[in-house]
S.K.: 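Supplied in structure tokens, the structure appears directly below.
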Protein chains: 2
Amino acid sequence: MGPTSTPSASPLPDALLAHARPVVVRAGEVVFRRGTAAAAVYRVRTGAVRLLRHGRDGEEIVLHEARRGDFFAEASLDATRYHCDAIAAAAGELDRIPAEPLRRLLRTDPDFARAWAALLARQLRATRARLERLSLRTASERVRHLLSTDGVGPACEIRLHGPLKDLARELGLTQESLYRTLARMAAEGVLERGEGVLRFRR
Amino acid sequence: MGPTSTPSASPLPDALLAHARPVVVRAGEVVFRRGTAAAAVYRVRTGAVRLLRHGRDGEEIVLHEARRGDFFAEASLDATRYHCDAIAAAAGELDRIPAEPLRRLLRTDPDFARAWAALLARQLRATRARLERLSLRTASERVRHLLSTDGVGPACEIRLHGPLKDLARELGLTQESLYRTLARMAAEGVLERGEGVLRFRR
DNA sequence: CGTCGCATTGATATCGCTCAAATCCGGTGG
DNA sequence: CCACCGGATTTGAGCGATATCAATGCGACG
């Protein structure tokens, strides 16, 4: 989710770091499955992890993509089971933080509790922004919205972290539609495409 | 958002109640506007409040609907400005809880901080469920998903809180599409419609 | 050099949107 | 009591945007 990533994620308190255990994952590896006991929260050191669900015909729906520095499964801290699958999108290393010490820390460290609430609130805002995006009816509106909300700088520049295919799915489109839409917007002079970059022109 | 509503929202601690001020709203009244300073969090006593944004052509996008017992603008507690409009969907009464005492309480009351984090996490899960729903391509899949995730009981019963028109927008559909889809699903024997109720058959 | 995944373009199908109109309903006022 | 009204509901017809299916180019990698 691009700039959704907490840019300067609050450093883990020492008390938490003491409990974190590194987990090395290969691309495609399962971190946890939906329905299993929610025993830990994770943080991405390197690589990327996707939270996903599956439609009835088996197609994947990406709920969230966590990148370097991002926590994931934070929303499962007070749930008994994970509500989606977590799959490594790329090889990397994670911090695995068991739920119990984290809960304890939330009880005992007010500053951490506040930072944690802020983290969740940020996630919520980002997810609502995505929700708003999917409520838009046309492909070009969704692209515009993506740049407007997640882009940086005057031209609302977006760095693509993966293939356009993935972006298409995040926008609720097929790759073909996205290609055509980007091409049309570029032809209209609204958009500019660079190496792994999208930005507004004008 | 129906069952998204915190069913047994944690009772407000006395320390917080002391700071809450009642606000009476008429239907359609503006509670706050996007861009204004985020000075308070709210809780619905009676009535309902919608958080919404506007597309480029002015159409409304409902990000959230808070009902009796629900907080809203919780995600703005650590933001400087509101990121959407809040409009009363029905006449009612709200508790207005200034941000500062709430932040103080988060720092000083570990139990409350934990309950607050749980609240945000619940919101996040609910919003992701809605995101997943909007990722589905067909109208009938979205209806199915709504019943599956928000429905109660073996038949996944859903109580409608407003006109079908509103439900349609929550599902990212037009009223006409929704009517037709419900009619078709009912004809196929998948769905059953009652007075303000939707449920699965079979 | 062959293969695989991504990118790109074309042709067609399909689903939901738009515009339009008829019905139903509760409320309101004559 | 009845006519009227506005909003919600429902159904119809046609269109348009995206999905789907198909084919090709291209670059990385083994």
Side-chain angles (χ1 to χ4, degrees), chain A residues 26-28 48 50 55-62 87 89-91 133-146 158-188 190-198, chain B residues 27-28 48 50 55-62 89-91 133-146 158-188 190-198:
Chain A
R26 296 180 307 279
R50 293 204 184 115
R56 293 200 315 160
D57 49 347
E59 94 280 13
E60 291 183 347
I61 299 172
V62 178
I87 312 268
R133 195 173 301 143
L134 287 193
S135 296
L136 300 174
R137 284 158 270 90
T138 69
S140 61
E141 283 299 321
R142 293 189 193 171
V143 171
R144 255 188 252 267
H145 184 275
L146 175 71
I158 288 272
R159 299 204 69 78
L160 304 181
H161 294 87
L164 274 192
K165 193 185 172 181
D166 291 349
L167 178 61
R169 275 201 314 192
E170 173 172 335
L171 294 178
L173 302 168
T174 59
Q175 17 177 346
E176 295 96 322
S177 294
L178 181 58
Y179 294 143
R180 284 187 247 260
T181 301
L182 293 180
R184 183 163 32 81
M185 291 177 81
E188 289 168 352
V190 183
L191 202 75
E192 214 174 30
R193 287 186 61 181
E195 271 304 292
V197 165
L198 290 181
Chain B
R50 293 202 184 116
R56 292 201 314 159
D57 48 349
E59 95 280 10
E60 290 183 348
I61 298 171
V62 178
R133 195 173 303 144
L134 286 193
S135 295
L136 300 174
R137 284 157 268 92
T138 69
S140 61
E141 283 300 321
R142 292 189 193 172
V143 171
R144 255 188 253 268
H145 184 275
L146 175 71
I158 288 272
R159 299 204 71 78
L160 305 180
H161 293 86
L164 274 192
K165 193 183 173 185
D166 291 348
L167 178 62
R169 275 202 314 193
E170 173 172 335
L171 294 178
L173 301 169
T174 59
Q175 16 176 348
E176 296 96 323
S177 294
L178 180 58
Y179 295 141
R180 283 186 248 262
T181 301
L182 292 180
R184 181 163 33 80
M185 292 177 80
E188 289 167 352
V190 184
L191 203 73
E192 215 174 30
R193 288 187 62 181
E195 270 303 293
V197 165
L198 290 182

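By convention in this document, chain letters (A, B, ...) are assigned in the order of the sequence lines, proteins followed by strands, and residues within each chain are numbered from 1.
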S.K.: Output the rounded distance in Å from CZ (Arg137(B)) to C1' (dA17(D)).
M.R.: 16 Å

S.K.: What is the distance, to the nearest angstrom, from the CG atom on Asp166(B) to the P atom on dA8(D)?
M.R.: 8 Å

S.K.: Give a yes or no on whether the backbone of Val62(A) and the side-chain of Arg169(A) come within a donor-acceptor separation of less than 3.5 Å.
M.R.: no

S.K.: Using heavy atoms to find the nearest nucleotide of DNA chain D for Pro163(B) and Gln175(A) separately, return the residue whose nucleotide is more 5′.
M.R.: Pro163(B)

S.K.: Send over the distance from His161(B) NE2 to dA8(D) P, rounded to a whole Å.
M.R.: 17 Å

S.K.: To the nearest Å, give me how far apart CG (Leu178(B)) and C1' (dC15(C)) are.
M.R.: 15 Å

S.K.: Confirm from the modelled atom types if Glu176(B) and dC19(C) form a donor-acceptor pair under 3.5 Å, side chain to base only.
M.R.: yes

S.K.: So what does Thr138(A) hit on the nucleic acid, given a heavy-atom distance under 4.0 Å: a base, only sugar-phosphate, or nothing?
M.R.: sugar-phosphate

S.K.: Would you kindly give the NZ-to-C1' distance between Lys165(A) and dC4(C), to the nearest whole Å?
M.R.: 11 Å

S.K.: So what does Ala183(A) touch, heavy atoms closer than 4.0 Å: a base, only the sugar-phosphate, or nothing?
M.R.: nothing

S.K.: Please report the distance, rounded to the nearest Å, between CD in Glu141(A) and P in dC17(C).
M.R.: 15 Å

S.K.: Can you find a donor-acceptor pair, distance only, under 3.5 Å between Arg180(A) side chain and dG10(C) base?
M.R.: yes

S.K.: Send over the distance from Leu182(A) CG to dT9(C) P, rounded to a whole Å.
M.R.: 11 Å

S.K.: Any side-chain N or O of Arg193(B) less than 4.0 Å from the OP1 or OP2 oxygen of dT10(D)?
M.R.: yes

S.K.: Hey, does Arg184(B) have a side-chain heavy atom less than 4.5 Å from the side chain of Arg180(B)?
M.R.: no

S.K.: Nearest nucleotide by nearest heavy atom, which residue falls closer to the 5' end of DNA chain C, Tyr179(A) or Ser177(B)?
M.R.: Tyr179(A)

S.K.: Does the distance from a Lys or Arg side-chain N to an Asp or Glu carboxylate O, for Glu60(A) and Arg50(A), drop under 4.0 Å?
M.R.: no

S.K.: Touch check for Gly172(B), heavy atoms < 4.0 angstrom, all strands: base, sugar-phosphate only, or nothing?
M.R.: sugar-phosphate

S.K.: Separation of Leu173(A) atom CG from dC15(C) atom P, in whole Å?
M.R.: 18 Å

S.K.: Is any side-chain nitrogen or oxygen of Thr174(B) closer than 4.0 Å to OP1 or OP2 of dG16(C)?
M.R.: no

S.K.: Is the closest side-chain heavy-atom distance between Ile158(A) and Leu167(A) below 4.5 Å?
M.R.: no

S.K.: Closer than 3.5 angstrom, by distance alone: can the side chain of Arg133(A) be matched with the main-chain N or O of Leu171(A) as a donor-acceptor pair?
M.R.: no

